[in-house]
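A short worksheet on the structure shown next.
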Amino acid sequence: MVPQEETLMKKKQLISIIVMVVCVAVLAAGYILMKEYNKNKSEKEAAENEAASATIDIYDINTEDVVGISYTNSYGTINMVYKDELWVDEETQTPMNSEYVQEMLDAVANYDAIRIIVTEASDVSEYGLDNPQLSYTITMSDGTKYNAKLGLQLVTETNGYYALLDSDTTVYTVSSNYFEPFTRSFTDMTDIADEVHINSDYVTGLNVSVKDGLDFEAKYIGDTTDENEYYTWEITKPYKNVRADTDTLTEKLSDFTSLTYDKCIEYSCDDMGKYGLKNPYATVTVDYYNVTGISESDEAESEDEAEADDSGSGDDAEATPIPEEQREYHTLKLYIGDSYDNGEDDSGYYVNPEGTDKVYTLSKETVDSMTGFTAFSMVDTCIYAELVDQMSGYDIEYKGNKYSIERKEEDSDNVYYVNGTKVDTDSLLTLYSAAYLLTLSGEAEQSLVKDDAEAVLTITYHTNAGEDVVVKYLTYGNENFYQVDNNGVDYFLTDKRGIDDLVSRYETFISDNNL
């Protein structure tokens with residue numbers, strides 16, 4: 001290579017090295033500048049976020065010194081004052097719901113704004129503050145007042161409202177926590193003071209009378225019956241001398257012994273007629289007593305023992321009636337007036353507890369459960385449920401034939417005779433069980449009752465107590481049923497097929513035993 005070319009080559013290499021060094025230097029400088037830029041940007045964003053998340057303290061109040069709350073929302077204006085340790089409506093003195101009032105006080109105790117939108121707003125209408133959705137004033141015992149007006153809801157991710165706080169020009173944004181507690185109507189705010197809590201074990205009577213419908217009455221007879229007697233209730237309307245199914249009626253009592261009214265419509269009503277309560281749709285009466293001279297802990301212990309007995313763990317324990325001198329008798333009478341339906345699951349009835357001038361509401365579901373049952377649904381449907389060893393015997397008559405069954409004890413065993421002839425015990429008991437299992441199937445319609453009804457089957461039970469119970473199965477205007485006459489109680493029907501089958505089985509038994 002000639003010296004000139006070699007010199008040129010070295011020159012090019014030197015230039016390349018210089019360029020590379022310059023590029024590296026530029027890149028390094030760029031990296032340092034970018035790192036510093038990003039650092040500054042992050043710090044700026046952090047500062048902005050911190051500023052955005054910071055709240056503005058408006059005021060802090062001692063809620064124990066609040067003596068007045070006045071607010072206006074879409075339902076109207078409510079003025080509440082604290083009087084004699086109770087929050088009441090200033091005009092009507094209606095007690096207010098203390099829980100709801102406390103929610104308001106908790107909300108405003110520490111009042112913070114999210115941010116200031118404008119300090120000197122010339123037109124607040126764009127924020128909905130010329131006609132606010134909600135405004136309220138909190139009055140302190142020293143006369144200090146705190147005011148708030150809340151307008152349009154924010155369209156941002158923040159759940160809040162534009163607000164004027166003790167100012168007519170400075171527009172803030174505030175959390176919805178300061179809005180929600182003040183959205184209730186006067187009806188919602190009215191305190192419900194007449195909740196019903198009655199110990200169902202202490203109920204002595206129930207009466208439900210529905211206009212042009214149900215007229216039901218039942219009386220507790222458990223205090224006068226044998227301690228082992230299952231039937232502790234008797235239906236006295238629309239029947240007489242009819243036993244109630246104890247389990248069914250006891251369960252039904254729960255509809256009447258624990259009631260919480262939905263709303264108080266009027267605390268001091270002077271015209272019950274506008275709610276249909278002068279001539280009510282239904283009247284419910286519950287007779288009961290409270291126990292005096294017993295502590296709450298003793299009563300709770302007594303209830304626990306009763307539950308244990310019901311579960312079977314106290315089978316040998318004897319029920320101890322509450323002494324008469326410890327009973328304090330009361331009556332709950334509830335008038336049920338017109339129904340209402342405001343849609344959106346808001347339907348029910350206006351009700352008035354007797355002795356008050358308050359009008360409450362109860363849900364349609366509650367009232368329907370209280371008044372929508374039938375008297376027959378409470379009836380014990382067993383036609384005759386005495387065990388065979390509780391009788392000395394019984395007579396059975398059908399198709400002009402009469403057979404007398406007699407129970408005797410021989411060598412500590414029960415043996416049975418039919419018209420004086422000893423019969424197989426198991427066969428006889430099987431027949432008796434067939435009658436024992438017969439049940440009522442409904443009420444007899446008076447228009448179908450036959451004046452000249454004939455007894456298809458008559459069974460006369462001779463109890464060990466020396467009393468006779470005569471059960472007749474009579475022809476009826478509907479060929480699918482027989483009318484039942486149980487010692488003169490003839491309100492009910494039974495399925496014809498069961499009786500015809502029983503007669504057929506007795507015919508076979510009599511024939512097989514040559515009786």
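Aromatic pair Y432/Y416: ring centres not closer than 6.0 Å. With ring centers used as reference points, Y288 lies 6.0 Å or more from Y202. Between Y289 and Y329, the ring center distance clears the sub-6.0 Å criterion. Taking the six-membered ring for Trp and the full ring otherwise, the centers of F376 and F492 sit less than 6.0 Å from each other. The ring of Y506 has its center no closer than 6.0 angstrom to the ring center of Y403.
A donor-acceptor pair under 3.5 Å is absent between the side-chain atoms of S433 and the main chain of Y436, judged by distance alone. Within the 3.5 Å criterion, the main-chain N or O of T366 finds no donor-acceptor partner in the side chain of S369. The backbone N or O of T250 sits nowhere less than 3.5 Å from a side-chain atom of S254 that would complete a donor-acceptor pair. Panel note: side chain N199, backbone D201; a donor-acceptor pair is recorded below 3.5 Å. For N352 (side chain) and K358 (main-chain N/O), a donor-acceptor pair under 3.5 Å exists by modelled atom type. Between the side chain of S176 and the backbone N or O of F179 there is no donor-acceptor pair closer than 3.5 Å. A distance-only check finds no donor-acceptor pair linking the side chain of S511 to the backbone of E507 [under 3.5 Å]. Side-chain N or O atoms of R327 include one that pairs as donor or acceptor with a backbone N or O of I322 at under 3.5 Å.
Within a 6.0 Å sphere centred on NZ of K278, heavy atoms belonging to other residues, nucleotides or ligands number 12 at most. Atom CD of E251 sits in a sparse spot, with 12 or fewer heavy atoms from other residues, nucleotides or ligands closer than 6.0 Å.
No side-chain heavy atom of K240 sits less than 4.5 Å from a side-chain heavy atom of V489. Residues V484 and Y473 meet the side-chain proximity criterion, which asks for heavy atoms closer than 4.5 Å.
Every residue two or more places apart in sequence or in another chain was checked for a salt bridge (charged side-chain N to carboxylate O under 4.0 Å, His left out) with D338, and none qualifies. Every side-chain contact (heavy atoms from CB on, under 4.5 Å) that K211 has, sequence neighbours left out, goes to N279.
Under the 30°/60° scheme for interplanar angles, the aromatic rings of W87 and Y82 are found to be tilted.
Salt-bridge check for D501 with R497: failed, with every basic side-chain N at 4.0 Å or more from each acidic carboxylate O.
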Given V423 and F509, is the side chain to side chain contact (heavy atoms under 4.5 Å, CB included) satisfied, shown in steps?
-> CA-CA 10 Å; V423 296; F509 176 82; 3.9 Å; yes
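Residue pairs meeting the salt bridge (charged side-chain N to carboxylate O under 4.0 Å, His left out) criterion with at least one member in residues 412-431, sequence neighbours excluded, are E410-K422. For residues 378-393, the side chain to side chain donor-acceptor pair (under 3.5 Å) pairs, not counting sequence neighbours, are Y231-D380.
For the atom pair OG of S504 and CD1 of I499, the computed distance is 12.5 Å after rounding to the nearest 0.5 Å. To the nearest 0.5 Å, the span separating OH on Y71 from CD1 on I138 amounts to 11.0 Å. Rounding to the nearest 0.5 Å gives a distance of 7.0 Å between CD1 of I192 and SG of C264. Between the OG1 atom in T248 and the CG atom in L253 there is a gap of 11.0 Å [rounded to 0.5 Å]. The line from CD1 of I396 to NZ of K402 is 12.0 Å long, rounded to the nearest 0.5 Å.
M370 pairs with exactly one of D255, V351, V208 by the side-chain contact (heavy atoms from CB on, under 4.5 Å) rule, that one being D255.
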Without placing hydrogens or testing angles, list every side-chain donor-acceptor pair under 3.5 Å for residues 90-99, not counting sequence neighbours.
| unit_1 | atom_1 | unit_2 | atom_2 | d |
| --- | --- | --- | --- | --- |
| T92 | OG1 | D89 | OD2 | 2.8 |
| T92 | OG1 | T94 | N | 3.3 |
| T92 | OG1 | T94 | OG1 | 2.7 |
| Q93 | OE1 | K83 | NZ | 3.1 |
| Q93 | NE2 | E90 | O | 2.9 |
| N97 | OD1 | E99 | N | 2.9 |
| N97 | OD1 | Y100 | N | 3.1 |

Show me the side-chain donor-acceptor pairs of residues 440-460 shorter than 3.5 Å, one per line, residues at least two apart or across chains.
| unit_1 | atom_1 | unit_2 | atom_2 | d |
| --- | --- | --- | --- | --- |
| S441 | OG | L493 | O | 3.4 |
| E443 | OE2 | Y239 | OH | 2.2 |

